There are 2 protein chains.
Amino acid sequence: MRIATFNCNSVRKRLDLILAWLADNQPDVLALQETKVMDDDFPAAALAEAGWHAVYRGQKGYNGVAMLSRMRPQLVSFGLQDGDDGESEPRLVRIRYGGIDIINTYVPQGRALETEQFQFKLAWLKRLRAYFERELGEAAATDAVWVGDLNVAPEAKDVHDSKKIWPHVCHCQEVIDRFQEVLDWGWGDVFRRFLPEAGVYTFWDYRVRGAIDRGLGWRIDHVLGTPSMAERAKGCRVDMQARRSEAPSDHTFVISDWATD
Amino acid sequence: MRIATFNCNSVRKRLDLILAWLADNQPDVLALQETKVMDDDFPAAALAEAGWHAVYRGQKGYNGVAMLSRMRPQLVSFGLQDGDDGESEPRLVRIRYGGIDIINTYVPQGRALETEQFQFKLAWLKRLRAYFERELGEAAATDAVWVGDLNVAPEAKDVHDSKKIWPHVCHCQEVIDRFQEVLDWGWGDVFRRFLPEAGVYTFWDYRVRGAIDRGLGWRIDHVLGTPSMAERAKGCRVDMQARRSEAPSDHTFVISDWATD
DNA sequence: GATGGCGGAG
DNA sequence: CTCCGCCATC
């Protein structure tokens, strides 16, 4: 089973890139974030024509998540389901696919430390921990994979210069602590199990010239698994090619492979 | 001598198209309208790299004219030079090239009949007649070519359905009369001398689906010459290929060939 | 429908 | 730097 994640920064702008990537990489599931499209305008027809099923929830201009898969998922749900779904639906989609719960999140970025957007991000991570507890139950008894743009770089090696960047909305103690509380539900970092070295990134700011070649990236896209899934994890890698393409997203694809049982 | 004209609808968006077209068609001079770029941002370097000299005058967002040529023009001037040059400079450029005065204009479109923009268009044509008289002197004694987007479809055959369109800011009696006054200075219609048949157009509205294939165009881009130049005219044609290209302008190239003397 | 400008976001 | 939405122009 191959599960990939990609913050596409507009699914419409990246449609050709995504279709080519799907054809080349043949994942079972591709999780997309920042689709930036209302549901009526999601390019479902073009994806269907290429043989990909899509579930998606978007809004005008920002956010938006989707799950592409070869077959229709067994179950689909959107949002944190804690009473504020209008807000959280374009940030969380969960499918059951091949007997696995796959959760795709686009965690709020948080804008700046002193803003209420940052407080919202912290609260969102707390709500997410509650979501996993409430919706998935015991981690030890669940086959689940969590992927997405988590907007958290938890370790020093997740950024190119931790001291220089610290404190940042994606790399500061409050966010790391809140993220750890989510992990404590029972998530294991599958990305780092296979890519433990420093300098492996998944996002490079458009505004930083030559960021890729200068190694000025961030590891904020994640692949995590419950204990049973962590055991089944066979590999995880980052596809740099897409980030170097003609009209790239500022993120790139992360691909994970899992034993089918 | 080959002189071409093209309303490019943003020289930056059309740069690759223009470079490819120049390489294929090897004009001596290419007149551009609606470059839509401030002078500092004109892609002069990329053109120079391909061996093309450029003179240009633009403004923010709208209008803007340029002349591309293999060699530096002998003389260059911008605007109607009647005291309102700030306005008219991004609409008129004149060069002397190979012993010929070549005038490139982007005549105001005129928005709608009841607007002051339409009155401005009529006044602009009057000012243009005065310009030719004042700046070029006697037509019979002048080797001059006038090209550009004139926003005038003077004859019924210049539009796909004259009765349906009439009266339109580009196809109504007032504009035709005012245009005739400009022609009366001494201009001969070289485009129509070589392309007299109906259904030959240079502009197709983006908003009309399948406009090209359905023949729903306008002939509003012109090539005219003084009597001596009309005599030297060897041919005129419209290049449909560019309008059918991937990311086209709504206009296409008009190419004229002239005996070198 | 396809430009550009602007302001907001990342 | 590159998206979005909105507005204006043609």
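Chain A is the first sequence line, chain B the second, and so forth, proteins listed ahead of strands; every chain is numbered from 1. If you're wondering where the values come from, they're calculated on a predicted model, not measured in any experiment.
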inquiry  = OP1 or OP2 of dG5(D) versus the side-chain N and O atoms of Lys36(A): is any pair under 4.0 Å?
reply    = no
query = For Ser10(A) and dC4(D), is the shortest distance between a side-chain N/O and OP1 or OP2 below 4.0 Å?
reply = yes
key: Between C1' of dC3(D) and CD of Gln59(A), the distance in whole Å   = 14 Å
Which nucleotide in dG4(C), dC10(D), dG5(C) has an atom nearest any side-chain atom of Glu34(B) = dC10(D)
ask   = Rounded to the Å, how far apart are Asn9(B) CG and dT3(C) C1'?
value = 5 Å
inquiry  = Under 4.0 Å between a side-chain nitrogen and a carboxylate oxygen: does that hold for Arg207(A) and Asp250(A)?
reply    = no
request  = Would you mind reading off the distance between Phe118(A) atom CZ and dG10(C) atom P, rounded to a whole angstrom?
outcome  = 14 Å
ask   = For the pair made of CG in Asp250(B) and P in dG4(C), what is the distance, rounded to whole Å?
value = 12 Å
message = With a cut-off of less than 4.0 Å, is there a side-chain N or O of Arg14(B) near OP1 or OP2 of dA2(C)?
response = no
inquiry  = Tell me the closest heavy-atom pair linking Val169(A) and Lys121(A), and the distance in Å.
reply    = O-NZ, 2.8 Å
key: Rounded distance (Å) that lies between atom C1' of dA2(C) and atom CZ of Arg12(A)   = 15 Å
task = Give the rounded distance in Å between these two atoms: CD1 of Ile165(A) and P of dG10(C).
result = 18 Å
message = At 4.0 Å (heavy atoms only), tell me whether Arg209(A) reaches a base, stays on the sugar-phosphate, or touches nothing.
response = nothing
ask   = Will you find, in the side chains of Asn7(B) and Glu34(B), an N or O donor that is under 3.5 Å from an N or O acceptor?
value = yes
Interatomic distance where CG belongs to Asp149(B) and P belongs to dT3(C) [whole Å] = 17 Å
ask   = What about Arg207(A): does its side chain form a donor-acceptor pair under 3.5 Å with the base of dG10(C)?
value = yes
query = What do you reckon, is CD of Gln241(A) surrounded by more than 12 foreign heavy atoms closer than 6.0 Å?
reply = no
Minimum-distance nucleotide (side-chain atoms of Lys13(B) versus dG10(C), dC6(C), dT3(C)) = dT3(C)
ask   = Atom CD of Glu246(B) and atom C1' of dA2(C): how far apart are they, to the nearest Å?
value = 14 Å
message = Please tell me whether Phe6(A) and Trp21(A) form a close aromatic pair, meaning their ring centres lie under 6.0 Å apart.
response = no
message = Return whichever of Tyr62(A) or Val208(A) has its heavy-atom-nearest nucleotide of DNA chain D closer to the 5' end.
response = Val208(A)
